[in-house]
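On a predicted model such as this, the values are computed, not experimentally measured, just so you know. Letters A, B, ... mirror the listed sequences (proteins, then strands); counts begin at 1.
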There are 2 protein chains.
Amino acid sequence: MKISFRGDYALKAILDLSLHYNKGLVRIQEIADRQDIPIKYLEQILLALKGAGYLNSQRGAKGGYYLAKEPKKIKLGEIIRLMEGPISPITCVSKSCYKRCNEETKCVFRPLWNKIRSLTEGVVDQVSFADMCRDYETKNKKKLDMYYI
Amino acid sequence: MKISFRGDYALKAILDLSLHYNKGLVRIQEIADRQDIPIKYLEQILLALKGAGYLNSQRGAKGGYYLAKEPKKIKLGEIIRLMEGPISPITCVSKSCYKRCNEETKCVFRPLWNKIRSLTEGVVDQVSFADMCRDYETKNKKKLDMYYI
DNA sequence: ACTAACCCTACCGACTAAGTAGTGTTTATA
DNA sequence: TATAAACACTACTTAGTCGGTAGGGTTAGT
């Protein structure tokens, strides 16, 4: 799996909205400023997230976005799959795999890719945005720098 | 981590040469045929692998490639890093990370990416091409189809 | 000398990522 | 009801990468 800017932005946007869950509407501009994301690009991403049912919005003056689900019910993996596609080191599912795996090698690497995929899924499908909010607040409270290199 | 065709081809080429380890020279054409890789593309890949010290070659008629190291001393991770770059879900090492991680989010996702990276490395840095050869032969001997969907 | 093989560089078409730009459409509120 | 703030949508752009091709150059066995 690889996280592109698009996916990274989406995760940050959902985190931002999770931190404002049940606190009213949040304007795109606010998210863009706080998370340092180009606003017009963010606009498209939020639209996609809304299309997938994660966000609701209100148009017009005083409008904005808000989370359509509880943060604890959104797992990181959902957002990653939505933005990046399947979580697997190789695009090797059923039919399309046969193109890569010929008779000779008999796809001897496949079990490894499956292993990596399931380990990765074990991480991203376990963690919710409620967890991330908790981490975020803990970190800010304690002013920890341990996560920085 | 994501495996591109280039990386996939490199792994297959090294596997092929591992299966012929200490059995003389192997022509590019043979590898290309067996592994179903476009020969001119494979040529470039083998050149890169040679440049990195994994292969030796003999030019001229009756020439060919051969492995420069024992299969058991080559880990998959080495080849993957060589062809694909660093194994990490995010290009987020030291300085370059600061571009993605601003004050607001304080890179709250980073520990997860590190987790995934180390799990992935735990797989690819543990397995050698000697292991893959063993798997390959076991599979061919038993005519197992369990790895195919 | 001839030819089989590796060596090297350049090029190319298609695709994607990461935006930008511009124009609609809706709604609160003065 | 005019206005402005905000989301909605579509189109375009620009740079880079991926997955190759093409075409010689060089070396070495016969």
Exercise for review: With heavy atoms under 4.0 Å as the rule, sort G60(B) into base, sugar-phosphate or nothing.
Suggested key: base
Review point. Does Y66(B) make a side-chain N or O approach to OP1 or OP2 of dC6(C) shorter than 4.0 Å?
Key: no
Point to revise | E70(B) with K73(B): basic N within carboxylate O range, under 4.0 Å | key: yes
**Study point:** Euclidean distance, atom CD1 of residue I39(A) to atom C1' of dG22(C) [Å, nearest integer]
**Key:** 15 Å
Check your understanding: Where do R6(B) and A48(B) come nearest, in terms of heavy atoms and distance?
Key -> NH2-CB, 4.1 Å
Check your understanding: How close or far is atom P of dT17(D) from atom CZ of F5(A), stated in whole angstroms?
Key -> 13 Å
Check your understanding: In whole Å, what is the span from the OH atom of Y65(B) to the C1' atom of dA5(C)?
Key -> 10 Å
Check your understanding: Would you call the rings of F109(B) and W113(B) parallel, tilted or perpendicular if under 30° counts as parallel and over 60° as perpendicular?
Key -> parallel
Check your understanding: Is the shortest side-chain N/O distance from Y9(A) to OP1 or OP2 of dG19(C) below 4.0 Å?
Key -> yes
**Study point:** E43(B) with K40(B): basic N within carboxylate O range, under 4.0 Å
**Key:** yes
Exercise for review: Report the distance from atom CD of Q29(B) to atom P of dC6(C), rounded to the nearest whole Å.
Suggested key: 9 Å
Practice item. Identify, between A61(B) and A61(A), the residue whose nearest nucleotide on DNA chain C lies closer to the 5' end. Key: A61(B)
Revision key, fill the gap. In whole angstroms, the gap separating P of dA8(D) from CZ of R27(A) amounts to 15 Å
Check your understanding: Regarding K69(A) and the six-membered ring of Y54(A), is the cationic atom NZ or CZ under 6.0 Å from the ring centre and inside 45° of its axis?
Key -> yes
Check your understanding: Of all the choices, dG19(D), dG20(D), dA28(C), which nucleotide is nearest to the side chain of P38(B) once you look at every atom?
Key -> dG20(D)
Review point. Ion pair present between D125(B) and R81(B), side-chain N to carboxylate O less than 4.0 angstrom?
Key: yes
Revision key, fill the gap. Separation of dG19(C) atom C1' from D36(A) atom CG, nearest Å, is 14 Å
Check your understanding: Has the side chain of K40(B) got a donor or acceptor atom sitting under 3.5 Å from an opposite partner on the base of dG19(D)?
Key -> no
Review point. Do V26(A) and Y66(A) belong to the same hydrophobic cluster, where Ile, Leu, Val, Met, Phe, Trp and Tyr are linked whenever their side-chain heavy atoms lie under 4.5 Å apart, directly or via other members?
Key: no
Point to revise | Atom pair CG/OG of L25(B) and S57(B) - distance to nearest 0.5 Å | key: 9.0 Å
**Study point:** Atom-to-atom span, CG of D8(A) to P of dA18(C) - whole angstrom
**Key:** 10 Å
Review point. How about K75(B): does its NZ atom have over 12 heavy atoms from other parts shown lying under 6.0 Å from it?
Key: yes
Revision key, fill the gap. I37(A) atom CD1 is separated from dT20(C) atom C1', nearest whole Å, by 16 Å
Check your understanding: Which residues within residues 52-59 of chain A lie with some heavy atom under 4.0 Å of an atom in DNA chain C?
Key -> Q58(A), R59(A)
Practice item. For DNA chain D, determine which residues of residues 41-51 of chain B have any heavy atom closer than 4.0 angstrom to one of its atoms, and list them numerically. Key: Y41(B), Q44(B)
